[in-house]
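Just passing along the structure, written as structure tokens.
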Amino acid sequence: MSESNKDKVITFDDVVAAQKLIKEHVIRTQVSYSGNTSQLLGCDVFFKHENDQKTGSFKVRGALNKIGNLSESEQKKGIVASSAGNHAQGVAYSSHRVGVPAKIVMPKFSPLIKAKATEHYGAEVIFHGEVYDDAYEYARQLEAEYGYTFVHAFNDPHVIAGQGTAALEIMDQIDDLDSIVVAIGGGGLISGLATVLKHVNPKIKIYGVVSAQAPNMLGLFKNTPEKYPYISGDTIADGIAVKKANAFVCDNYIKKLVDDIITVTDDEICEAMVWMMERTKSVVEGCSAAVLAGAIKSDWDFGQKTCLFLSGGNVDLKLLTQIIERGMIKLGRLSRIKVLVSDRPGQLHALTHVLAHHQANVLEVHHDRLGENLRPKQATMEFLIECKGKSHLDEIKMAIKGIGAQLL
């Protein structure tokens, strides 16, 4: 794309054109109704399952549209992109489908599973730098040196139009939609979706969710960026952990089309991921669960029908157990209880009797008589227990205090 139109603001017609171009290469992902989540939010809740999309996320839509609009000479020279996750896989898959050589620059410590998936789709992976910013700078260096076309993750009109094609599907799949909740990283996804939805029905509410670790877009949206600084990309919602929000995207799309934005913490996202797995049988990544976390936390008017946009399902399996446990802890379903007792026979029996009587499932037990803060004739016992919820946990703790044990 020439420098003269790289900052073009897309229209509804641009998205329709994108759909014609990419439709044979993408899945028309399903929309599902969730009764449990509808009860939780007090309206009819539908999920758009881009976690079932090719490469496991919506990113392939924008990448396909960008690459499909390259000139013949640009396609021959090839493309370059920088990413540590879904964008890398989306670009790699898209370049393979169109037959364009691709190089993806990834930070050295990118998850190996994502790097392997990117290579599997046919791209050359180049590891460079400690963090994403290093990889991005090197990719732009390769662009300048070899004449490759850089495929931006969000700040590109072809990419934004490609992401917007999911909204054309949603309008066919949900009649009389009143609102939608979308995660915001760079803002390309919500910009494309909002362009379509507001064109079809200006009354549709567009709500955005950002990570509390990277809330800069909320700061630009509210014109108070100093109040919402980037904290850390070390978040389970790594797909939306953008260090510096893009002013052009915010001014030309977010401020004009989005009704409100909210932040969510990693703990809130963990709770939402557990809900999604238990109640909807869907395994989604952190940025997908963030939309549910934001919807639960907010006081938004969803109307009668709302759509929660599940942007991806590429979960790092090494973190999944930790995420589940953390989410269950926040829900009061899992707890570590540590008690100080007299070091004499019968104490363990008394405690396990209380736990059994109150129907707590004991998963682990640790008995310590030699801790440096313990006096003679003292011991600590630590239990990892599974219970029914926060009120049940409070009941168990009261019963433990009732036999003279001291909770630590």
Whether over 12 other heavy atoms sit under 6.0 Å from K297 NZ: yes
Minimum side-chain heavy-atom gap L348-M381 below 4.5 Å: yes
E137 and R140 ion-paired at < 4.0 Å: no
Under 3.5 Å side-chain donor-acceptor pair for Q213 and D234: no
N/O donor-acceptor pair under 3.5 Å between S83 side chain and A88 backbone: yes
Centroid-centroid distance, F154 to F248, less than 6.0 Å: no
Other residues, nucleotides, ligands: >12 heavy atoms within 6.0 Å of K338 NZ: no
Heavy atoms of other groups near R369 CZ, more than 12 under 6.0 Å: no
Whether H128 and Y138 hold their rings parallel, tilted or perpendicular, with breakpoints at 30° and 60°: parallel
Side-chain H-bond candidate by donor/acceptor type, K48 with T29, under 3.5 Å: yes
H25 and S94: side chain donor to acceptor below 3.5 Å: no
R326 atom CZ: more than 12 heavy-atom contacts under 6.0 Å: no
N246 side, atom CG; K244 side, atom NZ - distance, nearest 0.5 Å: 9.5 Å
Heavy-atom donor-acceptor pair, K390 side chain to K330 backbone, under 3.5 Å: yes
Side-chain (Y207) to main-chain (I262) donor-acceptor, under 3.5 angstrom: no
Aromatic plane relationship, H152 with Y136 - under 30° parallel, 30 to 60° tilted, over 60° perpendicular: perpendicular
Lys/Arg N to Asp/Glu carboxylate O, D259 vs K198, below 4.0 Å: yes
Atom pair CG (L193) and CD (E169), whose distance is rounded to the nearest 0.5 Å: 10.5 Å
Heavy-atom neighbours of H358 NE2 exceed 12 at 6.0 Å: yes
Rounded distance (nearest 0.5 Å) linking atom CZ of F47 with atom OG1 of T37: 3.5 Å
Aromatic plane relationship, Y148 with Y146 - under 30° parallel, 30 to 60° tilted, over 60° perpendicular: parallel
Under 3.5 Å donor-acceptor, S335 side chain and I385 backbone: no
Over 12 foreign heavy atoms within 6.0 Å of NZ, K205: no
With sequence neighbours excluded, residues passing side-chain hydrogen bond (donor to acceptor under 3.5 Å, both in side chains) with E386: N361
Euclidean distance, I180 CD1 relative to I174 CD1, rounded to 0.5 Å: 7.5 Å
Test item: side-chain donor near acceptor, D14 and T11, under 3.5 Å: yes
Whether over 12 other heavy atoms sit under 6.0 Å from Q322 CD: no
Side-chain donor or acceptor of S38 paired with backbone N/O of V45 under 3.5 Å: yes
I184 side, atom CD1; S311 side, atom OG - distance, nearest 0.5 Å: 11.5 Å
